There are 2 protein chains.
Amino acid sequence: MSTDDVTGRPADGPRRRDASATRRALLVAARTRFTRLGYDRTTLRDVAADAGVNLALVKRYFGSKEGLFKAALATAPRFLGEGSGLPRGRAALAEALSRQLAAGAWTEFGEHPVLMLLRDSGDEQVTELRRRALAEFGRQVLEASGAAPAPDAELRAELLVALGVGVAVVRSAVGLRPLADATPEDLLGPLRDIVEGLLGPPSG
Amino acid sequence: MSTDDVTGRPADGPRRRDASATRRALLVAARTRFTRLGYDRTTLRDVAADAGVNLALVKRYFGSKEGLFKAALATAPRFLGEGSGLPRGRAALAEALSRQLAAGAWTEFGEHPVLMLLRDSGDEQVTELRRRALAEFGRQVLEASGAAPAPDAELRAELLVALGVGVAVVRSAVGLRPLADATPEDLLGPLRDIVEGLLGPPSG
DNA sequence: CCACCAAGTAATCATGCGTTGACATGGTCC
DNA sequence: GGACCATGTCAACGCATGATTACTTGGTGG
């Protein structure tokens with residue numbers, strides 16, 4: 001398998017015996033490979049090589065491949081909002097969405113971070129983590145949109161989550177054009193229309 | 001690995017020496033496992049066991065695992081439209097979408113067929129197939145929606161494709177609720193709003 | 001300077017998997 | 001019935017990979 005040079009390794013200077021740096025290097029390399037290649041196609045040997053570190057150290061610091069994967073997953077941003085929550089109002093929501101979806105600078109992941117979130121290690125615990133992360137995002141959308149208490153408001157919010165997931169997949173993993181090449185500005189108009197259509201007439 | 005009994009094997013009667021039936025059985029088993037588990041976690045031994053067939057026969061009939069995968073992929077429906085194209089008009093489009101996305105009876109795939117389409121074997125040729133299939137779907141959407149010749153009409157159509165992909169992923173692979181439990185009727189209203197928001201005021 | 005322990009290394013093990021080739025068997029046509 | 005080919009079976013190989021163990025190295029505190 002052994003795909004080479006997925007990440008431009010930080011070309012570290014002569015760092016010697018720095019445990020936390022080693023940990024960090026492994027994590028960065030792991031995120032990139034897991035995000036791009038998925039769980040199975042990511043080999044510990046490649047990750048260790050990318051990190052410039054001995055293979056056995058992933059056992060020392062993360063216990064196992066699964067442990068490394070979960071640690072990498074735990075560093076995934078909350079997709080949108082990044083903890084700070086989504087901006088209020090639908091126009092702002094649409095804009096935040098378009099920015100996040102079109103951003104190209106995911107150096108820590110190599111691709112859109114939501115792909116890391118979708119990667120499957122086969123562990124049910126991981127599936128649950130993913131579900132929770134996306135549900136949380138749905139909640140933020142619901143809240144940010146100043147939702148009318150419609151009975152299907154939650155469903156509509158999750159459709160927006162699904163849209164975000166789909167766009168990330170189609171852009172990063174499929175490369176469908178023109179979607180894959182669209183800039184935040186290109187995306188903004190259509191996304192605004194979707195948000196307004198989905199969530200009802202503008203309210204903020 | 002060896003997950004067992006992913007598919008309720010057809011409990012075939014004493015079929016003996018029927019090449020085409022063997023081929024078909026392998027294909028059905030392969031579709032289910034590939035769709036549910038992905039390429040890497042699907043083992044030929046499990047597929048053969050599901051099909052009630054000897055392992056070496058996949059070499060005979062499909063040459064290799066990659067060959068089996070491509071054959072399985074080739075049987076994936078065109079996602080929507082199923083060759084016949086999408087119904088004309090936006091209301092009909094929204095309805096077709098909601099039906100396809102909410103359908104539960106994908107016995108040949110075990111999950112929504114779009115997941116099969118997203119499965120990655122690492123082969124670039126497969127990526128291209130996928131791109132083509134989704135692009136084709138985008139074209140159908142564009143055409144079915146009686147698009148105004150807006151400069152970003154294509155982009156908007158592909159956003160609808162992305163939505164479909166995202167919903168399939170979030171429903172089948174993530175299990176986000178309430179989205180995962182939504183019926184076609186539940187989906188219809190919100191989808192209609194999205195379609196109309198995205199594609200402009202109703203025109204058919 | 002020395003002892004000690006964390007950090008790092010190298011070699012090896014165990015296993016699961018795709019692939020392969022040699023062999024058995026059934027059905028069909030002369 | 002016998003030859004012949006398609007169909008199906010069996011056992012094994014080779015390889016990649018995750019895991020593990022025994023060992024070395026370096027720096028830090030006494």
Side-chain angles (χ1 to χ4, degrees), chain A residues 1-4 6 9-10 12-27 29-30 33-34 36-72 119-123 126, chain B residues 1-4 6 9-10 12-30 33-34 37-72 119-123 126:
Chain A
M1 200 144 290
S2 199
T3 324
D4 36 20
V6 147
R9 160 171 24 146
D12 23 32
R15 141 178 66 79
R16 316 247 312 184
R17 300 214 155 214
D18 183 339
S20 80
T22 299
R23 241 191 90 98
R24 217 172 320 125
L26 278 173
L27 227 34
R33 287 202 111 96
F34 280 137
R36 287 199 181 168
L37 274 8
Y39 185 84
D40 303 278
R41 311 186 103 73
T42 295
T43 77
L44 294 185
R45 281 171 173 81
D46 284 345
V47 170
D50 285 353
V53 139
N54 190 283
L55 163 65
L57 293 180
V58 3
K59 180 199 169 79
R60 180 187 297 287
Y61 292 113
F62 301 97
S64 67
K65 185 183 189 182
E66 187 69 30
L68 177 61
F69 179 72
K70 288 182 184 170
R119 291 314 183 181
D120 196 348
S121 72
D123 188 318
V126 167
Chain B
M1 199 144 290
S2 201
T3 323
D4 35 22
V6 146
R9 157 169 29 144
D12 24 30
R15 143 179 64 81
R16 316 243 314 180
R17 298 216 156 214
D18 184 338
S20 80
T22 299
R23 240 190 90 97
R24 218 174 319 126
L26 278 172
L27 226 34
V28 171
R33 288 202 109 98
F34 280 137
L37 273 10
Y39 186 83
D40 301 279
R41 310 184 103 74
T42 294
T43 76
L44 294 185
R45 282 172 174 82
D46 284 344
V47 170
D50 285 353
V53 141
N54 190 283
L55 164 63
L57 293 180
V58 3
K59 179 199 168 79
R60 181 185 297 285
Y61 292 113
F62 300 97
S64 67
K65 186 183 189 182
E66 188 70 30
L68 177 61
F69 179 73
K70 288 181 183 169
R119 293 312 185 182
D120 196 348
S121 72
D123 189 317
V126 168

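Throughout, protein chains are lettered first and strands after them, A, B, ... in sequence-line order, and every chain is numbered starting at 1. Because the structure is a prediction, the values reported are computed rather than measured.
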Candidate nucleotides D/dT9, D/dA19, C/dT19, ranked by approach to the side chain of B/Lys65 - the nearest: C/dT19
B/Arg60 (side chain) and D/dG8 (base): donor-acceptor pair under 3.5 Å: yes
Sugar-phosphate only, base, or nothing, as touched by B/Leu57 at under 4.0 Å among non-hydrogen atoms: base
A/Thr22 side, atom OG1; A/Tyr61 side, atom OH - distance, nearest 0.5 Å: 5.0 Å
Atom-pair distance (CG on B/Leu44; C1' on D/dG8), nearest Å: 17 Å
Nearest non-hydrogen partners of B/Val47 and B/Ala30, listed with the distance: CG1-N, 3.9 Å
Residues A/Asp120, B/Arg41: salt bridge by 4.0 Å N-O rule: no
Integer-rounded Å distance: D/dA6 P and B/Arg23 CZ: 16 Å
Nearest-Å distance for atom pair OH/P, residues B/Tyr39 and C/dC17: 13 Å
Parallel, tilted or perpendicular: rings of B/Tyr39 and B/Phe69 (30°, 60°): perpendicular
d(CG, B/Asp40; P, C/dC17) in whole Å: 11 Å
Short side-chain N/O contact to C/dG18 OP1/OP2 from B/Ser64, under 4.0 Å: no
Atom-to-atom span, CG of A/Asp18 to C1' of D/dG27 - whole angstrom: 13 Å
Selected nucleotide, minimal atom distance to A/Arg45 side chain, candidates D/dG18, D/dA12, C/dG8: D/dG18
OP1 or OP2 of C/dG16 under 4.0 Å from side-chain N/O of B/Thr43: no
Atom-pair distance (CG on B/Leu55; P on C/dG18), nearest Å: 8 Å
B/Lys59 side chain near C/dT19 phosphate (N/O to OP1/OP2, under 4.0 Å): no
Whole-Å distance separating the CZ atom of A/Arg24 from the P atom of C/dA7: 13 Å
Shortest non-hydrogen contact from B/Val58 toward B/Leu55: CG1-O, 2.8 Å
Separation of atom CG in B/Asn54 from atom C1' in C/dT20, rounded to whole Å: 13 Å
Out of D/dT21, C/dG26, C/dA7, whichever nucleotide has its closest atom nearest the side chain of A/Arg17: C/dA7
5'-most by nearest nucleotide on DNA chain C - B/Val58 or A/Ala56: A/Ala56
Sugar-phosphate, base or nothing in reach of B/Ala19, heavy atoms under 4.0 Å: sugar-phosphate
